[in-house]
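Data block below; observations after.
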Amino acid sequence: MSSKSTLWPNTIHFNETYMNYRIQWNGWPQICAVLPWIYILPSFHVICKIFSVYLSANWTRPEPGLNQHVFLVISLSQLTVFIFFLFDWFMVRLPSTGLFTSWCASIEPNHFLKFIFMMAYYTNYCAMIFPFLMPVVRLVVVSFPRNHFK
């Protein structure tokens, strides 16, 4: 055992068992970590297309059925759901694969994992606020149809 292991007892830090861990690439956790990317990458492509339409649209010319604010809320909702997926994947799926087990055991405790957890919870709350915000924006558009461009 290393002399550093006495600084953090009962943790994986500087524990030789965890430092010598070798990943098995054919396990169920590895399949569960890779499988979501099959549908997330095409979804991200669609999100990029939505943002390109939003950025290239002429919002100064009013068109029936087209509202800049509703479109923005839908676009931001899709983006926050993707970012939430990314941080949730880092928080849940990636550690279960064992890919970084030996690396995490060989470093001192730091704030990197805390940042991942904090961002996963923050983006989760951001993704949950948009289903509330969408009806509010639509209500404003319907309630004040003459001056909603203001």
Side-chain angles (χ1 to χ4, degrees), residues 1-60 65-142 148-149:
M1 285 269 172
S2 172
S3 65
K4 291 184 178 182
S5 67
T6 59
L7 295 175
W8 297 283
N10 301 325
T11 65
I12 69 166
H13 299 288
F14 305 108
N15 186 334
E16 295 294 328
T17 306
Y18 291 103
M19 289 175 68
N20 296 330
Y21 179 79
R22 298 290 172 242
I23 187 172
Q24 297 175 2
W25 292 99
N26 57 353
W28 179 251
Q30 286 77 16
I31 293 169
C32 289
V34 171
L35 198 61
W37 289 101
I38 294 172
Y39 63 85
I40 287 299
L41 290 177
S43 299
F44 183 70
H45 179 71
V46 170
I47 292 169
C48 290
K49 286 275 195 185
I50 290 172
F51 266 115
S52 68
V53 167
Y54 176 76
L55 294 174
S56 65
N58 184 7
W59 297 109
T60 59
L66 185 64
N67 185 286
Q68 177 183 10
H69 306 292
V70 172
F71 201 83
L72 178 65
V73 169
I74 292 171
S75 302
L76 289 176
S77 172
Q78 294 298 316
L79 183 65
T80 56
V81 167
F82 175 75
I83 294 171
F84 167 66
F85 165 80
L86 188 65
F87 282 109
D88 188 61
W89 186 80
F90 277 121
M91 185 177 77
V92 177
R93 303 282 184 174
L94 194 60
S96 67
T97 63
L99 190 61
F100 295 114
T101 301
S102 63
W103 176 71
C104 286
S106 65
I107 64 170
E108 293 183 2
N110 56 35
H111 298 291
F112 178 68
L113 294 176
K114 191 185 332 180
F115 174 75
I116 291 175
F117 274 80
M118 191 172 60
M119 288 305 295
Y121 287 123
Y122 178 74
T123 55
N124 184 18
Y125 289 128
C126 288
M128 286 191 299
I129 195 70
F130 282 107
F132 171 76
L133 187 60
M134 186 66 184
V136 170
V137 170
R138 285 185 170 175
L139 181 66
V140 168
V141 170
V142 170
H148 69 270
F149 283 110

Non-hydrogen atoms of [X] and [Y] that approach each other most closely:
X: M91; Y: P95; value: O-CG, 3.4 Å
X: P29; Y: S96; value: CB-O, 3.4 Å
X: M19; Y: A105; value: CG-CB, 3.7 Å
X: F84; Y: N124; value: CE1-CB, 3.4 Å
X: I50; Y: S75; value: CG2-OG, 3.3 Å
X: F82; Y: I40; value: CE1-CG2, 3.4 Å

Hey, could you give me the [atom1]/[atom2] distance between [X] and [Y], rounded to the nearest 0.5 Å?
X: H111; Y: M118; atom1: NE2; atom2: CE; value: 10.5 Å
X: T80; Y: M128; atom1: OG1; atom2: CE; value: 10.5 Å
X: R93; Y: I31; atom1: CZ; atom2: CD1; value: 12.0 Å
X: I47; Y: I83; atom1: CD1; atom2: CD1; value: 8.5 Å
X: S102; Y: Y18; atom1: OG; atom2: OH; value: 13.0 Å
X: L76; Y: F130; atom1: CG; atom2: CZ; value: 4.5 Å

Donor-acceptor pair, N20 side chain versus E16 backbone, under 3.5 Å? yes
Please confirm whether the backbone N or O of V73 pairs with a side-chain atom of S77, one donor and one acceptor, at under 3.5 Å? no
Evaluation steps, side-chain contact (heavy atoms from CB on, under 4.5 Å), between N26 and Q24: CA-CA 6 Å; N26 57 353; Q24 297 175 2; 4.0 Å; yes
For W103, which residues count as a ring pair (Phe, Tyr, Trp, His ring centres under 6.0 Å) partner, sequence neighbours excluded? none
Could you tell me if the side chain of [Y] sits less than 4.5 Å from the side chain of [X], heavy atoms only?
X: L113; Y: F90; result: no
X: F71; Y: I74; result: no
X: I107; Y: F112; result: no

Greater than 12 external heavy atoms within 6.0 Å of Y54's OH: yes
What pairs of residues pass the ring pair (Phe, Tyr, Trp, His ring centres under 6.0 Å) test when at least one of them lies in residues 21-43, not counting sequence neighbours? W37-F85, W37-W89
